[in-house]
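Okay, structure first, notes after.
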Amino acid sequence: MLDENRSGRLTAWGNALLAGFAAPDDAAHHITGSDAVHRVVGLPGESGPVGLTLALGRLRALGATGLRLALPVPGHPLGLSGPPEFNARAMEAEEAVVVPGTALGLVPEVYEAGPEGDVHVEVVWHCLAVRDAPPADVPSLSEAERELAEALREATEVLTRLDVAGSGPVARAALDAYRARAERSREVLAPGYPPRAARVLELAQRVGALIGIAYEPGDVQGREHGGAVSASEIAARAAALRPVERTARRARVAAYNAMVEERDRGRH
């Protein structure tokens, strides 16, 4: 929950490129991040894999009006609109990018290679047809912000009640990692995003960090207080936090899609 996924980076920097806030090579650099290379396969007009710079240019030529993030999990097809083949791939990856204006979507597949200690990561984005329909369960930025404020209170209360928050070295390490990430939160979203989107994403990351602490195995087995956690207690913890985790995912999608939403509102 502490790390932003590749589909988020592609959405943010792809939107910045399409809106004229980023150069193609700069966008590709930020999307790739620490990975070795990203390729796109199945792109219309291309017979084989192509790099990100060419792929983003091709999508723009095909009529892309923006990029939208999807973060589906079983039972919650967040951001998807079909068809089944695309939904199935996205559900397996638990992330995807939909490209309005092209009837296309992209799902990442990650490959790791190399010896231990020198592993490099390659990402292949599969380009597939998508249905031109409203995405599932995506809130507006204002809705997401209101929901998150309540979710943060709920998460804190649940973790305190379960004797999780602040207990043990694992919890402290997770909180320290979150705080370091929060200092860089505005760098996650690309140029051109409204400040409110950065604020919502930061709050979603905070909620995600708390949830990550609750699910951290070290917390279960190595806490300084409270002893071992039974299977029933773990199940109760998961059930209590599931609605909070759902709210945090919806908010992340709303934040990354904010540039497209703002543009669409300006057209009406």
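Just so it is clear, the model here is predicted, and its values are computed rather than measured. Just so you know, these numbers use all the heavy atoms, side chains as well, and skip hydrogens, waters and symmetry mates.
Judged as a salt bridge (Lys or Arg N to Asp or Glu O under 4.0 Å), and not counting sequence neighbours, the contacts of Glu147 are Arg250. Contacts of Leu18 classified as side-chain contact (heavy atoms from CB on, under 4.5 Å), with partners at least two apart in sequence or in another chain: Arg60, Ala64, Leu67. Take Glu143 and apply the side chain to side chain donor-acceptor pair (under 3.5 Å) test, not counting sequence neighbours, and it matches Ser140. Residues passing the salt bridge (Lys or Arg N to Asp or Glu O under 4.0 Å) test with Arg89, sequence neighbours excluded: none. Residues satisfying the side chain to side chain donor-acceptor pair (under 3.5 Å) test with Asn87, not counting sequence neighbours, are none. Under the salt bridge (Lys or Arg N to Asp or Glu O under 4.0 Å) criterion, Glu92 pairs with no residue at all, not counting sequence neighbours. Scored by the side-chain contact (heavy atoms from CB on, under 4.5 Å) test, Ala113 finds His120 as partners (sequence neighbours excluded). In this view, Glu112 and Val119, Val121 satisfy the side-chain contact (heavy atoms from CB on, under 4.5 Å) rule, not counting sequence neighbours. Listed by chain and number, the residues in a salt bridge (Lys or Arg N to Asp or Glu O under 4.0 Å) with Arg246 are Asp137 (sequence neighbours excluded). Evaluation of the side chain to side chain donor-acceptor pair (under 3.5 Å) rule for Arg196 yields Glu145 as partners, not counting sequence neighbours.
Here the side chain of Arg131 pairs a donor or acceptor atom with the backbone of Ser81 at under 3.5 angstrom.
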Could you go through residues 100-109 and list every donor-acceptor pair under 3.5 Å that involves a side-chain atom there, pairing it with any protein atom two or more places apart or in another chain?
residue, atom, partner, partner atom, Å
Thr102, OG1, Val99, O, 2.7
Thr102, OG1, Leu104, N, 3.2
Glu109, OE1, Tyr111, OH, 3.2
Glu109, OE1, His126, NE2, 2.6
Glu109, OE2, Tyr111, OH, 3.1

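Relative orientation of the Trp13 and His30 rings is parallel, given thresholds of 30° and 60° on the angle between their planes.
Salt-bridge check for Arg249 with Glu245: passed, with a basic side-chain N closer than 4.0 Å to an acidic carboxylate O.
Residues near Val260 contribute nothing to a hydrophobic cluster around it, because no ILVMFWY side-chain heavy atom sits closer than 4.5 Å to its side chain.
Judged by distance alone, the side chains of Tyr193 and Asn15 do bring a donor and an acceptor atom under 3.5 Å apart.
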